[in-house]
Every structure is written in C-alpha cells, then in structure tokens.
Protein chains: 2
Amino acid sequence: MAVTIKDVAKKAGVNASTVSRVIKDSSEISDKTKVKVRKAMHELGYRRNAAAQILASGKTNTIGVVFPPVADKASQPFFMKILTSINETARDYDVSIAIATGHSAKELKKQIELQYSEKRVDGFIVLYAGKNDEVRDYLLENKVPFVLVGTPAEGKNEITHVDNDNMLLGREAVRHLAQLKHQNISFVTDTKETEVFEERYQGFKDESEKLGLNHDLLFMDANFSLRNETALVVMDDVLSLKVVERLRSQGLNVPEDVSLITYNNSIFGAMIHPYLTTFDIHIEQLGASAIKKILDLRDKKENLPEKSIIPFELIIRESTKARI
Amino acid sequence: MAVTIKDVAKKAGVNASTVSRVIKDSSEISDKTKVKVRKAMHELGYRRNAAAQILASGKTNTIGVVFPPVADKASQPFFMKILTSINETARDYDVSIAIATGHSAKELKKQIELQYSEKRVDGFIVLYAGKNDEVRDYLLENKVPFVLVGTPAEGKNEITHVDNDNMLLGREAVRHLAQLKHQNISFVTDTKETEVFEERYQGFKDESEKLGLNHDLLFMDANFSLRNETALVVMDDVLSLKVVERLRSQGLNVPEDVSLITYNNSIFGAMIHPYLTTFDIHIEQLGASAIKKILDLRDKKENLPEKSIIPFELIIRESTKARI
DNA sequence: CTGAAAGCGCTTACAG
DNA sequence: CTGAAAGCGCTTACAG
C-alpha cells in the first residue's frame with residue numbers, strides 16, 4: 001500500500017539497505033547514490049514507517065513528559081508553556097513526545113513503567129520535584145534515563161536537572177526592594193513543601209540579613225495579614241493575584257501601600273492592574289534545555305548528572321514602587 | 001534481552017501465535033490454555049513491544065491531540081484540563097496520546113501530516129475550530145479520521161464534533177439574569193471570530209428578545225465602557241477577571257453595581273473576589289467523549305459524522321445578584 | 001561504497 | 001482450539 005524502502009530501492013536501482021543508509025545520511029554512501037535515491041524517494045512520496053524503524057533500531061525517539069500528580073495543573077500556565085516548548089524543541093531533533101498524567105504518584109508510576117517497559121519511550125522529562133516521590137524512586141532504581149525540571153530535594157548529585165538559580169532569584173527580589181528603600185519585607189508562600197520555595201526563601205533571608213532588613217515569612221491562608229511590611233516577595237504570579245486582592249480587602253493597595261514582586265511572568269501578571277513586577281524564568285529555555293539533556297543522557301554523551309542553570313530576567317511593572 | 005512472546009511460548013509449551021491470541025484475549029483460545037499462558041507471562045514479567053505490535057497490526061493505538069496555533073494556550077486552563085482528561089480516558093482504552101503544537105496553522109499542518117504519514121497516529125482530536133483552517137482542510141481532503149472539540153464554522157455536517165450547546169448556554173445566562181430582574185444586559189467578548197462566540201451570542205440575543213430585555217454587544221478593548229447595563233454575560237472567566245477590574249477602575253463594583261455571569265468554571269473564577277457565577281462546561285466529559293468518538297471513527301463503528309452535546313451546569317457564586 | 005541476509009517482536013490468514 | 005509460516009518495514013553486522 002504505502003511506499004516502502006523497497007519501492008524506493010527498486011526505482012533507484014539499488015538495494016534496500018542502501019536506501020536505509022541514505023535516509024540516515026550515512027557518510028559511507030557516495031553523493032551520487034544519495035542524489036539518485038533521494039530523487040526516487042521524492043518522486044514516490046516516500047515516508048518512513050515509524051514503528052518499523054523503532055523495532056529495527058531499538059530506539060523509540062520519543063520522550064515521555066511527566067506532569068505532577070495534582071489536580072490543578074491547569075491553573076499554572078507553566079505546564080502548558082513548557083509542554084509547548086519541549087514539543088517544539090523535540091521536533092528539531094526529530095523526536096516525539098508522549099505524556100504521563102495522573103492524580104497520584106502511584107498512578108503516574110504505573111503509567112511510566114508501562115511506557116518504558118513497552119518500549120514506547122527512551123526516557124523521561126519530569127516536571128516536578130516533590131519529596132519522596134515514587135516516580136523518581138522508580139526511575140532511579142531502574143536506571144531509566146530522565147531529567148528533572150526543578151531541583152530535587154534529595155539526590156541533587158545523582159539527578160540531572162535543569163532549573164533557575166532559585167537562591168539568586170530570592171536574593172535579587174530583595175535587592176530590587178532594597179533599592180526602592182523598603183526595610184520591612186516578607187516572603188509569601190502557599191506551600192512550604194517544595195525545594196523551589198526553600199531555595200528562594202533562603203536567598204530571600206540571606207540577602208535581607210546581609211542588607212540589614214527586617215524580614216519574615218507569611219503563609220497565604222485564611223489568617224493572612226501584614227504586620228508592618230511595606231513590601232512582599234510572593235512565590236508566583238497566580239498566587240499574587242490572590243494576595244493583591246486580599247490586601248485590598250484589608251484596605252491596602254498595591255503598590256501605594258505595599259510593593260509586591262513575584263515570579264514566573266505568566267500572562268496573569270499583566271492581565272489586571274496592578275501589573276506585576278516579576279521575574280521571567282525563561283520557561284522556553286527550561287524546556288529546550290531539558291529535551292537536549294535527556295537526549296544526551298540517552299545517547300550517553302553525558303554520563304554524569306549535572307545541573308543546568310537557566311538565566312532569569314527582572315520585568316519591572318506596576319506592583320513595585322519606591323517607599324517615600 | 002527483554003522477554004518476548006517466544007520466551008513465554010516456550011515456557012508455557014505452546015506456539016507463539018497462541019500467546020499472541022491470549023494477549024488479545026481471543027475467544028478462540030480455551031480457558032485452560034489462557035490460564036497456563038498468563039501464568040508464564042506473569043512469571044517471566046512479559047511486556048509486549050509496542051513497536052512490534054504496531055508494525056504487525058497496522059494500528060498505532062495512538063491519537064494525536066492538536067492544540068490551536070496561538071501563543072497563549074497557557075492562559076486558558078481549558079487546554080491543560082482537556083489534555084489531562086483525554087490522556088486519562090485514553091489509558092482506559094489502552095491508547096497513547098501524541099501532541100501537535102505550533103505557532104501557525106502551516107506549522108501544525110506540517111506536523112500532523114508527518115505524524116500521520118509516518119504512521120505514528122491513527123487519527124486526531126483537534127482542540128480548536130477556527131474558520132478556514134489549513135489543518136482541517138488537510139484532514140478532510142485526505143480522509144484522516146479526526147474529531148473536533150468545538151463547533152466548526154463550516155462543514156458541521158461532515159465533521160464529527162463534540163461541544164456544549166452554545167446557543168442554550170447563551171439563553172440560560174440571560175434567563176438567570178432575567179430571574180434576578182435585570183433588564184439591560186450586554187454580552188462581552190474579546191473575539192468575534194469563533195463559532196462559540198457566534199452561537200452563545202445568538203442564544204443571548206434570542207432569549208433577550210423573547211423576554212423583552214434591552215441588550216447589546218460590547219467588545220473588550222481600550223474603549224470598553226457600559227451604557228446603562230446592570231448585568232453582563234462574559235465569554236469566559238479569564239476575560240471576566242479583566243472586565244471586573246476594568247469596571248472597578250470606572251467606579252463600578254461587581255455585583256453591587258453590575259452583575260456578571262460567565263463560562264468555563266476554571267480555577268480563576270473562584271480565586272479572587274467576587275467569585276464568579278459561571279457555567280461549568282464539563283471539560284472532562286468533552287475530553288472523554290472526544291477520545292471515544294475518534295476511536296469509533298477509526299474502527300468504523302461510526303461512519304456518519306455526528307455532533308455530541310455535552311451538558312453544562314450553572315454554578316452560582318458571588319458575581320450575580322438581584323437588582324433592587 | 002554497496003549488497004545480501006538475518007533479525008527486531010509481533011499478528012494473522014491458513015490449515016488441520 | 002492450536003500450530004507453522006509468512007510478513008509488517010525497517011536496520012545493521014558481515015562480506016566484498
């Protein structure tokens with residue numbers, strides 16, 4: 001039915017193995033033959049059969065992307081954005097993307113175990129870095145190639161991961177606020193479970209102390225309220241929307257009464273006023289770097305785990321303002 | 001290396017073809033043999049090789065999901081949510097998901113053309129329904145099985161699609177507002193290009209006229225402002241965030257001065273006050289239904305295109321209020 | 001530089 | 001109900 005390598009071979013007057021070599025642009029084949037074969041491929045509209053190639057070569061050329069086992073992936077633009085970037089970079093390397101989603105780590109583990117054992121994927125990109133994660137344990141134990149986007153709580157040294165410099169991100173936020181003359185600042189989070197939080201908060205603390213600022217940690221829940229802060233560093237811009245609204249309900253306006261700086265530069269930071277001062281963490285680059293890393297790992301170009309640090313960028317908008 | 005069908009066959013004392021039949025639970029095989037073979041599979045930890053199965057059977061058992069060619073997929077929780085639901089339903093049918101993303105229809109088309117011609121997917125679920133879409137033209141012309149989530153502007157009769165009843169959604173919004181005694185209402189949108197808009201707006205108009213209400217259409221741009229409206233119907237809850245904020249900047253509060261009802265019931269409708277009165281469009285069901293349809297199409301269980309209508313549900317929260 | 005052959009791990013008519 | 005054989009469309013040592 002479909003045009004195969006054999007049809008091309010016959011038309012070009014060569015052996016099928018030669019066609020195969022031309023497809024992968026083998027340096028063994030003469031240019032003359034290549035031209036001839038390519039012409040035949042083109043005329044016949046040849047397309048390789050992915051399954052046949054995978055079966056014969058043992059390489060799937062597809063990478064699994066693992067989403068976190070939580071219900072609200074949809075509320076964080078991060079995930080859709082990095083998926084897009086991963087998919088688009090993958091295409092440049094001629095690899096496909098499979099996805100794994102689930103409501104629990106157990107479900108996820110089952111899914112990736114299946115994908116890997118049925119030889120559907122060569123490895124994984126894991127989009128979250130929780131503690132004691134069943135998925136990561138499985139991958140590690142079975143020596144499945146994977147890279148983490150984020151920073152693992154344990155095993156930093158055994159796991160290839162790509163992330164921003166979260167400590168520095170914490171420090172830079174403080175520095176921006178200090179430049180604006182703020183002296184009483186707090187860090188606001190809605191989770192203390194993640195490594196991202198810990199690192200950013202650590203950076204926040206270190207720099208605050210270095211600069212001699214009063215600082216504190218605030219948890220965003222029903223009891224959220226300020227003491228004497230004039231500025232806040234908030235974990236992400238979706239959370240910031242809530243914080244801004246809560247402050248307003250307490251009679252405090254951003255940035256007139258309190259400045260706010262946050263992270264991620266998602267669309268939600270520039271949707272309603274005050275537009276948020278935020279750090280762009282370069283999600284496209286995180287995704288692109290992750291796919292490159294996993295391919296290197298698979299091809300054993302890199303054997304040692306390493307951390308890739310993606311630069312960030314401060315976007316100054318309306319939510320931060322000099323204290324007068 | 002890995003355990004194959006042959007290993008299982010040898011261990012169970014049967015022929016490889018018998019093992020293959022047991023795997024697909026063929027009714028031809030005796031229960032006795034099935035038990036015996038399954039025991040062997042289990043003891044050896046057998047896993048099928050996906051590529052081999054695809055090559056031999058000609059069925060890929062994977063479906064491509066096509067995202068819209070726009071930059072801001074990430075701002076609409078819809079996409080991540082339906083992707084999750086599609087993936088999870090797909091798993092129940094033992095099918096995998098591939099994705100296609102791109103910045104233009106041309107890019108997308110190239111991608112799906114590749115996926116289909118390399119026999120990586122059996123068909124597609126298309127997540128958008130713009131007019132004059134290159135992707136859809138390609139699918140139609142080449143008789144590639146696909147289902148649309150949404151309603152196509154043209155070819156409603158030739159394309160299997162799943163959607164809510166958008167006309168009814170428009171009418172019901174008006175009805176809710178009418179019950180609350182509002183008489184001057186407007187429909188707010190930021191796009192007039194989509195079929196969803198047209199249908200919801202049509203329903204809005206029809207019902208308004210039927211009930212004798214004053215109605216109008218407002219475009220959300222820099223000039224956005226109300227006339228004498230006391231209530232609005234807004235295209236989605238992310239847009240509603242902007243509308244609420246814009247009104248506030250004009251001295252109008254929701255719901256005290258103007259009521260607002262919207263669609264989608266995303267997380268953003270219940271994140272900051274006023275929590276939005278909204279229609280839940282049952283995205284999980286849209287996704288689940290889409291995957292079932294495409295599999296039926298592939299297996300020719302359904303030959304005729306059909307529209308599946310997914311029910312919706314009104315969630316009353318803070319943004320609508322009786323006029324006094 | 002190229003060909004002939006074996007093999008990847010399944011499925012599926014065909015035969016009995 | 002089960003087996004033997006051919007075949008799906010590639011890749012890759014091996015040989016020359």
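Lettering of chains follows the sequences in order, A, B, ..., and the numbering in each one begins at 1.
Under 4.0 angstrom from either OP1 or OP2 of D:dC10 there lies no side-chain N or O belonging to A:N49. Within the structure, a side-chain polar atom (N or O) of A:N15 is placed less than 4.0 Å from OP1 or OP2 of C:dA4. For B:S20, no side-chain nitrogen or oxygen approaches OP1 or OP2 of C:dC10 to under 4.0 Å.
For B:K24 and B:A51, each mapped to the nucleotide of DNA chain C holding its nearest heavy atom, the one lying further toward the 5' end belongs to B:A51. Nearest-nucleotide positions on DNA chain D place B:T18 closer to the 5' end than the other of A:K6 and B:T18.
Applying the 3.5 Å distance criterion, the base of C:dG3 shares a donor-acceptor pair with the side chain of A:R21. At a cut-off of 3.5 angstrom, counting only N and O atoms as typed in the model, there is a donor on one side and an acceptor on the other between the side-chain of B:S17 and the base of D:dA4.
Across every strand in view, D:dA13 sits unpaired, with no contact that passes the Watson-Crick or G-U test at under 3.5 angstrom.
When distances are taken from the side chain of A:A56 to each of D:dC1, D:dC10, C:dT11, the shortest belongs to D:dC10.
Of the possible polar contacts, none joining the A:E88 side chain to the B:H103 backbone as a donor-acceptor pair under 3.5 Å is found. Looking at A:T60, its side chain does come within 3.5 Å of a backbone N or O of A:D122 through a donor-acceptor pair.
Residue A:Q53 is in sugar-phosphate contact alone, with no base atom involved, counting any heavy-atom pair closer than 4.0 Å across all strands shown. Residue contacts shown for A:S30 are limited to sugar-phosphate atoms, with no base heavy atom under 4.0 Å away.
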